[in-house]
Amino acid sequence: MATQLPGMLLNSSGLTLAGGRSLNCRKSQPPAAISSALPPPLSSSTIQVVGWKGAGESGNGSLKLGNDFEGFQEEYDWNDVEADLYHWTKTLRPVQWYPGHIAKTEKELKEQLKLMDVVIEVRDARIPMSTSHPQMDSWLGNRKRILVLNREDMISTADRNAWATYYAKQGIRVVFSNGQLGMGTLKLGRLAKALAGTVNIKRREKGLLPRPVRAGVVGYPNVGKSSLVNRLLKRRMCPAAPRPGVTRELKWVRFGKDLELLDSPGIIPMRISDQAAAIKLAICDDIGERSYNATDVAAILVQMLSKLPTVGNKALRDRYKIETDGRCGRTFVQKLAAQLFNSDNNQAAFRILQDFRKGKFGWIALEQPPR
Ligand SMILES: Nc1nc2c(ncn2[C@@H]2O[C@H](COP(=O)(O)OP(=O)(O)OP(=O)(O)O)[C@@H](O)[C@H]2O)c(=O)[nH]1
């Protein structure tokens with residue numbers, strides 16, 4: 001067995017992890033040098049947890065159980081959630097997903113974008129930053145753009161207001177929409193036509209006949225692009241289904257006599273460098289299922305949910321009848337598997353992911369605007 005030195009913690013395979021953070025959770029004594037730096041004296045109910053950032057960035061991972069923990073949770077802020085997520089994902093196998101049809105689409109789309117009068121960029125309202133393509137700005141250049149945060153029904157009013165304020169401050173036009181029920185599509189159609197209206201003014205000046213305005217609908221997989229196009233057209237012209245990668249071809253459709261829409265397959269970077277973003281894409285089902293280990297993703301989701309003031313450990317306990325302090329998501333998944341799925345961790349993991357996606361913990365965004 002490997003020797004554990006102060007300040008180093010072991011994962012289940014016995015490998016030493018810098019900073020002692022992984023998804024595998026163990027109890028051990030805090031290193032004396034670090035624990036002495038803790039503000040309150042440690043009580044007998046203090047344990048150290050591998051993979052948990054614990055009481056501040058001191059890296060000791062120590063946590064006092066009981067009422068103090070509830071107080072700690074209330075103080076938790078989004079920067080801490082992001083920091084934890086970063087550390088939890090560091091030791092995992094990287095999540096990458098770049099199926100052939102996306103590579104092909106990317107090439108075609110770049111060509112088609114040159115023909116667009118306006119681009120409608122659709123993002124998932126639960127994770128607007130993680131569904132922002134890093135190359136989109138360079139592809140679009142000065143082209144007129146409308147930002148759509150779809151799945152508005154899947155976030156709270158407070159989340160929505162926070163994002164609306166954030167984009168308004170930057171002067172970015174944003175439309176919140178629900179591709180399933182059609183909310184926001186009327187406004188979107190009007191805005192697209194209005195923005196692209198100048199096209200025909202310029203054509204007339206040049207003595208050319210007016211033509212329909214061209215609007216391209218682009219974004220990550222499964223964010224609701226085809227659903228939005230269908231809602232705009234009030235007809236099911238484009239295939240839409242609850243899994244990423246359904247649209248495989250670029251498809252032009254006519255909306256009335258003066259707007260043409262391009263529905264496009266979801267695009268995603270060839271390499272996702274931000275693995276915290278990749279995990280959020282997996283949680284929200286915006287990336288192919290085969291690209292990730294469901295147990296890892298569900299374990300991280302449990303750890304995240306336990307830290308969110310609107311969910312917390314109680315909601316997890318109430319739903320699954322499993323005692324938890326929220327610090328070891330993997331143990332939680334394993335317990336659920338033993339309880340309900342004949343110890344099949346994968347099935348248990350998908351149950352937790354589906355519950356989140358169906359709003360069983362309430363409708364919550366997994367990202368907040370940067371402050
Ligand atoms: N709850 C909710 N579901 C939505 C919304 N918009 C779309 N959906 C659902 O999400 C799933 C994916 O929608 P699509 O329109 O196929 O997504 P897409 O972006 O075209 O997906 P790709 O083909 O992967 O590019 C479908 O089951 C839709 O019914 C929304 O605003 N709210």
Side-chain angles (χ1 to χ4, degrees), residues 97-109 112-113 119-128 130-133 136 146-157 159-160 163-164 174-189 215-253 255 261-269 272 278 280-292 353-366:
W97 191 60
Y98 198 64
H101 80 270
I102 293 189
K104 184 169 158 264
T105 299
E106 198 179 298
K107 272 196 201 139
E108 290 174 1
L109 190 62
Q112 294 286 328
L113 284 174
V119 173
I120 298 170
E121 188 197 346
V122 186
R123 296 191 196 165
D124 187 328
R126 293 168 295 177
I127 46 171
S130 296
T131 47
S132 149
H133 197 294
M136 192 59 78
I146 303 169
L147 179 61
V148 176
L149 296 194
N150 190 46
R151 299 184 179 276
E152 65 156 2
D153 54 310
M154 299 176 99
I155 58 171
S156 69
T157 310
D159 291 330
R160 186 193 151 120
W163 282 109
V174 61
V175 175
F176 288 88
S177 66
N178 178 338
Q180 216 167 38
L181 299 180
M183 272 77 109
T185 47
L186 213 63
K187 183 175 173 193
L188 183 59
V217 183
V218 302
Y220 270 56
N222 214 32
V223 294
K225 299 176 298 298
S226 303
S227 306
L228 278 173
V229 171
N230 289 339
R231 278 283 159 192
L232 271 165
L233 300 174
K234 298 198 174 72
R235 269 181 302 159
R236 204 181 144 78
M237 295 287 284
C238 304
R243 59 178 188 283
V246 170
T247 307
R248 297 290 177 113
E249 307 276 337
L250 295 162
K251 184 174 180 180
W252 282 101
V253 289
F255 175 48
L261 292 166
L262 177 76
D263 184 24
S264 61
I267 43 161
I268 195 161
I272 309 173
K280 285 185 264 182
L281 291 170
I283 291 173
C284 293
D285 202 16
D286 292 340
I287 191 168
E289 236 171 64
R290 288 200 192 143
S291 65
Y292 55 88
L353 291 172
Q354 287 303 347
D355 283 349
F356 170 77
R357 292 165 187 168
K358 288 180 189 163
K360 302 286 184 194
F361 303 102
W363 295 118
I364 25 176
L366 292 183

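Order of appearance sets the numbers: ligands from 1, and atoms from 1 within every ligand. Heavy-atom basis, side chains included; hydrogens, waters and symmetry copies ignored.
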Check your understanding: Taking atom CG of L261 and atom CG of L232, what is their separation to the nearest 0.5 Å?
Key ->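 Output value for this atom pair is 6.0 Å.
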Point to revise | Qualifying side-chain hydrogen bond (donor to acceptor under 3.5 Å, both in side chains) pairs with a residue from residues 217-229, counting only residues at least two apart or across chains | key: S226-T247, S226-D263
Study note, to complete from the structure: What one should report as the nearest heavy-atom pair of G245 and P221 is N-CB, 4.1 Å
Practice item. Identify, with sequence neighbours excluded, every residue that meets salt bridge (Lys or Arg N to Asp or Glu O under 4.0 Å) alongside E121. Key: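 Partners of E121 by the salt bridge (Lys or Arg N to Asp or Glu O under 4.0 Å) criterion, ordered by chain and then number, come out as R123, R145.
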Exercise for review: Go through the structure and list residues passing salt bridge (Lys or Arg N to Asp or Glu O under 4.0 Å) with D153, not counting sequence neighbours.
Suggested key: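 Partners of D153 under the salt bridge (Lys or Arg N to Asp or Glu O under 4.0 Å) test: none.
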Exercise for review: Answer yes or no: is there a donor N or O on one side and an acceptor on the other, between the side chain of S264 and the main chain of L250, under 3.5 Å?
Suggested key: no
Measure from every N or O atom of ligand 1 to the protein's N or O atoms and keep only the pairs below 3.5 Å, writing each with atom names and distance to 0.1 Å.
residue: ligand 1; atom: 1 (N); partner: D153; partner atom: OD2; Å: 2.8
residue: ligand 1; atom: 1 (N); partner: Q180; partner atom: OE1; Å: 3.3
residue: ligand 1; atom: 3 (N); partner: R151; partner atom: NH1; Å: 3.4
residue: ligand 1; atom: 6 (N); partner: N150; partner atom: ND2; Å: 3.0
residue: ligand 1; atom: 10 (O); partner: R151; partner atom: NH2; Å: 2.9
residue: ligand 1; atom: 13 (O); partner: S227; partner atom: OG; Å: 3.4
residue: ligand 1; atom: 15 (O); partner: S226; partner atom: N; Å: 3.4
residue: ligand 1; atom: 15 (O); partner: S227; partner atom: N; Å: 2.7
residue: ligand 1; atom: 15 (O); partner: S227; partner atom: OG; Å: 2.6
residue: ligand 1; atom: 16 (O); partner: A241; partner atom: N; Å: 3.2
residue: ligand 1; atom: 17 (O); partner: G224; partner atom: N; Å: 3.1
residue: ligand 1; atom: 19 (O); partner: N222; partner atom: N; Å: 3.4
residue: ligand 1; atom: 19 (O); partner: V223; partner atom: N; Å: 3.2
residue: ligand 1; atom: 19 (O); partner: G224; partner atom: N; Å: 2.9
residue: ligand 1; atom: 19 (O); partner: K225; partner atom: N; Å: 2.9
residue: ligand 1; atom: 19 (O); partner: K225; partner atom: NZ; Å: 2.7
residue: ligand 1; atom: 20 (O); partner: S226; partner atom: N; Å: 2.9
residue: ligand 1; atom: 20 (O); partner: S226; partner atom: OG; Å: 2.9
residue: ligand 1; atom: 21 (O); partner: N222; partner atom: N; Å: 3.0
residue: ligand 1; atom: 23 (O); partner: V246; partner atom: N; Å: 3.2
residue: ligand 1; atom: 23 (O); partner: T247; partner atom: N; Å: 2.7
residue: ligand 1; atom: 23 (O); partner: T247; partner atom: OG1; Å: 3.1
residue: ligand 1; atom: 24 (O); partner: N222; partner atom: N; Å: 3.0
residue: ligand 1; atom: 24 (O); partner: G245; partner atom: N; Å: 2.7
residue: ligand 1; atom: 25 (O); partner: K225; partner atom: NZ; Å: 2.8
residue: ligand 1; atom: 25 (O); partner: G266; partner atom: N; Å: 3.0
residue: ligand 1; atom: 27 (O); partner: P242; partner atom: N; Å: 3.1
residue: ligand 1; atom: 29 (O); partner: Q180; partner atom: NE2; Å: 3.3
residue: ligand 1; atom: 31 (O); partner: N150; partner atom: OD1; Å: 3.3
residue: ligand 1; atom: 31 (O); partner: R151; partner atom: N; Å: 3.1
residue: ligand 1; atom: 31 (O); partner: N178; partner atom: OD1; Å: 3.1
residue: ligand 1; atom: 31 (O); partner: G179; partner atom: N; Å: 2.8
residue: ligand 1; atom: 32 (N); partner: D153; partner atom: OD1; Å: 2.8
residue: ligand 1; atom: 32 (N); partner: D153; partner atom: OD2; Å: 3.4

